[in-house]
Amino acid sequence: MSWKGNNQKLHTKFEDDVPKNEVLNTPEYNDEVTSTEVNKSKKRKRKKKTSNDLEAKDQENQTNISKDVNIEISNGNDLTVESPNSKQVKSIDQEDRKIHKLPKVNNKKPKISTKLKTNGNGKPKTVNFFSDDEEEQRDGRGIELSKESRILKSKQLLKIRETLPIYKSKDEIISKLQKERVTILIGETGSGKSTQIPQFLLPLNKKSIAVTQPRRVAAINLATRVAEEAGSALGDKVGYSVRFDNKTTHHTKLKYLTDGMLLRELMVQSSLPEYSTIIIDEAHERTVLTDLLMGFLKELLTKRNDLKLIIMSATLDAEKFSKFYNDAQILYVEGKMYNVDRLYLGEPVEDIVDASIKSIVQVNNGELEGDILVFLPGQEEIDKCVGLLERIAPGLPREAPLIVPLPLYAALPPVEQAKVFLPLKARRRKVILATNIAETSITVPGVRYVIDSGLRKVKVWRHQLGLSTLLTAPVSKASSTQRAGRAGREREGKAFRLYTEDDYGKLPNQTEPEISRSNVTSPVLMLKRAGIDDILNWSWLEHPGQESLLSSLTQLYQIKALDDQGKITKLGLQMAILPLEPQLSAILLNAYETGCLTQVVDIVSCLSVDNLVMNPQSESRDEVNEKRLSLCILGSKYGDLLMLKELLDFYIQFDNSRERQQWCKELSLSFRGFKNVLRVRNQIRQYMIMLTKDQHLFDEDEEIGNKPMDISSVLKAFLIGFVSNTAIGMPDRSYRTTASGQLISVHPSSMIFGKKADAIMYTDYVYTTKGYARNVSVIDLSMLQEAGSHLLASKTKV
DNA sequence: GAGCACTGC
């Protein structure tokens, strides 16, 4: 690879037939070529080695991998835990906006050694790794501790907590937080802000404290950790609340919850009377839900004088948050990250897969021990790299460690994902090829080198066309800093950026907030439910744009969630309560009226679970497709929605989970996905019983079992929500959308791919190489006309 | 005849 300041050039693309020496160059990274960032960070005092995993990890959203994977850790594998060096806390004062240094605290570091537990017989204990099944996760944590041992544990943990940088400035932080109603708290990774700040405030709050997280696993892990620190049983003083799992009681004073859950609480009681302090964590991620929360809370602050708000963020975008809350004070807390050298290419590359491979080989040949994490935009690039690496690895020089390539992306089966956590034999080096999932959601231990393509995939909603596109786009500076930081979690590391320093300079500072490129139909319905009439002038942290809002209002009017005055209807209120997209809620409510609710709940539940029907491996693709077609008689005739219903029926019929698992494997379906489908189904049923006040709503169907279903009613119900997602068949087997006349193709993964139909309805329309309809059903023209009359009528009114 | 980043209720 040719890096800046290095005359070596890329001559050929890396291919199988390229002579090995072409790629086996000795490393040519030029350490002198560093960014201003690096120079700056080099000037900072080098930090001493710390590997206090417990404290560092509770700041990160450790992810669920599989509960199925048992990982054995060999005996005698001691973890040496050292506390961080003395740290400073800087604060930006509200009046002069200058950075003040808080007093430095000298801190002698106690050395704590933690031995991994054994089973008493000297054999290593089997450690269960991250499960996202909370039931089993709790089991994995062992027996409930007695009150005495909880207090003892809490005292032990206090020693570690006291070494955290944030602990040193406890009093000062508390007094600053007490003075103001809103605080923006910037804390670097590992500062301990998510675990410590809420505990500092606990004695000062009359009511409860809520801490929101973008991901459920983060909420659960933080609550578990903080409960231990506080000597509380989980769910007692400290608890959590996420979908399908609530570990709180009326005693709970500190509650970690997903931001979706807090929004749901807002929908029920707009003043959130339970809480006296609300902390929004990970605000820099700017998810749609966090953005919405921040808007709602801004309005709530004017109504509730006793409410305090803390916005926690990892990057320096504090100004925007501060301005939004009328120049709120900003506090800055330093974390404990190691220095990461950043190296750039001298010239831009065209082929990112080729460049990645070459860099991996170079790093492997020339750098000290430590794993390599490669950020690539998507599955396609990752699979290519893995394939190439597997071929060349055995032929690489013996002096260098053997490369073990490991893919990591969300659609990968959990067992495969978990492999990145497995320890390797000596003289081997993990090369983890990951999407953005490794940027925030999954923290891989042992990484010392990051190779960053500077690219990611991003879904962009085009409200004019009613379709989403999936684009490969450059990341932001904040994102590339975050990626580089993955190399500095345990010791000093290096980040190799597969772009020039010039190109880095051209990147946007922050990632564009999700809300400005998303379909906002659901957020708009939430606002309407909260009684906000003037959607266009609401306190948006980021305004989604007038056109996007108007298109959402039209959508909501079409599904009868809003009346022609733009007021929320009785139906709309019910839709806002259901934990689904408004379109799917509308479909359910219609199905209730027409008597096919049970079937529609089943299908909607399947639609709510990602990666349920997986893409079979290419070698078994035809076989699996054949099996699915012959098994799903209705699906092969009417399309994917009915296939889902048939698959779920089959799944339920099996007696035990072993059979279910086997069956899923044969048809390339997600076993875990189906378990989730059943949870979603149960939840939706409960909601429907609540809305209809009919306790016996689903009783009859349970008794009769599989009564023949009225296919026409089911499809008609779906047309209520997806009438604008329809297309008419043309003589040449293509389809044109009814909404805009665009050419659209049935996605080859669909049951009705290659079949001829008069008209189709689809739940997704994604533009990749061309416009594809996914989750496709065959419908009658007469059905479409019937449903379309409502659409036409609505168009003349709006 | 294609291949989709990541979350949440």
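Checked against B/dA5, B/dC9, B/dA2, the side chain of A/Arg243 finds its nearest nucleotide in B/dC9. Among the nucleotides B/dC6, B/dG8, B/dG3, the one closest to the side chain of A/Ala410 is B/dC6. Comparing B/dC4, B/dA2, B/dG3 against the side chain of A/Arg774 picks out B/dC4 as the nearest. Checking B/dC4, B/dG8, B/dG3 against every side-chain atom of A/Leu289, the shortest atom distance belongs to B/dG8. Picking from B/dG8, B/dG3, B/dA5 the nucleotide with the shortest atom distance to the side chain of A/Glu581 gives B/dG8. Set against B/dC9, B/dA2, B/dC6, the side chain of A/Met261 has B/dC9 as its closest nucleotide. For A/Val242, taking side-chain heavy atoms from C-beta onward, the closest of the listed nucleotides B/dA2, B/dC9, B/dC6 is B/dC9. The A/Val766 side chain lies nearest to B/dC4 when the options are B/dG3, B/dC4, B/dG8. Set against B/dT7, B/dC9, B/dA2, the side chain of A/Asp610 has B/dT7 as its closest nucleotide. Taking only side-chain atoms of A/Thr435, from C-beta outward, the nucleotide of B/dG3, B/dC9, B/dC6 with the closest atom is B/dC6.
A/Leu580 comes within 4.0 angstrom of a base, heavy atoms only. As judged by a 4.0 angstrom heavy-atom cut-off over every strand, A/Arg286 is placed among residues making no nucleic acid contact. Heavy atoms of A/Thr287 sit nowhere under 4.0 angstrom from any nucleic acid atom. At a threshold of 4.0 angstrom between heavy atoms, the contacts of A/Arg456 with the nucleic acid are absent. No engagement by A/Glu381 is indicated, since no non-hydrogen atom pair under 4.0 Å with the nucleic acid exists. Across all strands shown, A/Asn436 has no heavy atoms under 4.0 Å from either base or sugar-phosphate atoms. Looking at heavy-atom distances under 4.0 Å, A/Phe753 makes contact with a base.
Screening A/Leu697, A/Val680, A/Ile684 against A/Val601 for a side chain to side chain contact (heavy atoms under 4.5 Å, CB included) leaves a single residue, A/Ile684.
Taking the six-membered ring where the residue is Trp, A/Tyr762 and A/Tyr765 present perpendicular rings, their angle passing 60° and hence far from 30°.
For B/dG3, neither phosphate oxygen OP1 nor OP2 lies less than 4.0 angstrom from any side-chain nitrogen or oxygen of A/Gln379. Between A/Thr440 and the phosphate of B/dT7, there is no side-chain N or O to OP1/OP2 separation shorter than 4.0 Å. Dashed line: the shortest gap from a side-chain N or O of A/Ser745 to OP1 or OP2 of B/dG1 is not under 4.0 Å.
Rounded to whole Å, the distance from CG on A/Asn246 to C1' on B/dC9 is 13 Å. Here B/dT7 presents its P atom at 12 Å from CZ of A/Arg216, a figure rounded to the nearest Å. In this structure, A/Lys457 places its NZ atom 13 Å from C1' of B/dC6, rounding to the nearest Å. In this structure, CG of A/Asn611 is placed 11 Å from C1' of B/dA5, rounded to the nearest angstrom.
Applying the 3.5 Å distance criterion, the base of B/dG3 shares a donor-acceptor pair with the side chain of A/Arg621.
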